[in-house]
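When a ligand or atom number is given, it counts from 1 through the structure's own listing order.
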Amino acid sequence: MAKIHYKTIEEIELIRESSLLVSKTLGEVAKVIAPGVKTIALNKLAEEFIRDNGGVPAFLNYHGFPYSLCISPNDQVVHGFPGQQELKEGDLISVDCGVILNKYYGDSAYTFAIGEVSEEAKKLMRVTQECLVLGVQKAVAGMRTGDIGYAVQEHAEKHGFGVVKELVGHGVGLALHEKPEVPNYGKRGAGTKLEEGMVIAIEPMINAGKANVKFWNDGWTVSTSDGKPSAHYEHTVAVKKGQPDILSTFSYINEILERKK
Ligand code: MG
Ligand code: MG
C-alpha cells in the first residue's frame, strides 16, 4: 500500500502554480466552447496552452490515455475521449484537465453548459457545484475523508441525484493519483484522517438519475447506466488548520462565462 505524501509549504506553493495553470487552461477552454466546436479542437488548444506555459499535459499518456483533456458530454461521467463530434446547443460537457509543472501536479474539472440546457441539467450543475463546495469545506485538519464524502452524498441525494461510487477523488501533487482515496460518499468520522500537508483532489461526479455507471470497452470512458446526464467539478485543495486552501480556481472560467452572457 502506497503511503500518503505529506507536502512542505514550498511544495504546496508549487502545486498551487500547477493548479493555477490547470485553471487558466480551463479558462481558455471557456473562451471557445460553443455549439459547432469539435471537442478535439479543445484538446489541441489546451495542450498548446499548457506547453506554451512551460507545463506538460498530465493526462496525455497517463496509463496510455491518448489525450490532454478528458471531455465527457451528457451521459458520459468522466474519462471521455475528445474527437470529431461537434458540440451542440443543450449539451452538458465535463472537461477535466491536469498538468505537470516543475514536476508537480494539479488537477481540476468543470462542467460547461453549451447554450441553453434543460432545467434538469441546470439543477444538476448547480447541485454538483454545491457538493464540491460542501466537500471542500470539510478538507480541514482533524476531519476525515468520510466527512467529505458524507457532505457530498447527503447534498446530492437530498436532491434525488445519484452519487458515482466507482470513481473517487485522490491525493495529488507528486503524482496525479496518490493516497488517500477521497470518495464522494461515506460516513462522518470514518476514513482517513486529514492532516496538514495533505493535498487532495475533491471531485464529485453526480448523476441526474441512478448512481450506476458503465465502463466502455475503449478502456476509459465511463457513462451513466440509465443514459441520463452526469456532472463533474473538481478542485485541488491543500488541507490546513481551520480552513481549506483551494489551490485551483474557477475564477478564470467564471470571468469568461460572465463576459459571454
Ligand atoms: Mg481531474
Ligand atoms: Mg482527479
Euclidean distance, H79 NE2 relative to D218 CG, rounded to 0.5 Å:
11.0 Å
Do E116 and K122 pass the salt bridge (Lys or Arg N to Asp or Glu O under 4.0 Å) test, and can you show the C-alpha distance, the side-chain angles, and the key distance before you say yes or no?
CA-CA 9 Å; E116 192 64 20; K122 278 184 203 168; 2.7 Å; yes
Using a 6.0 Å distance limit plus a 45 degree cone around the ring axis, check whether K123 lies over the aromatic ring of F161.
yes
Using modelled atom types only, decide if a donor and an acceptor are shared between the side chain of D226 and the backbone of K210 within a distance under 3.5 Å.
yes
The Mg ion (ligand 2) neighbourhood, protein N/O/S only, threshold under 2.8 Å:
D107 OD2, H170 NE2, E203 OE2, E234 OE2
Crowded around K158 NZ? As in, over 12 foreign heavy atoms under 6.0 Å?
yes
Please report the interatomic distance CG(L21) to CG(L26), rounded to the nearest 0.5 Å.
10.0 Å
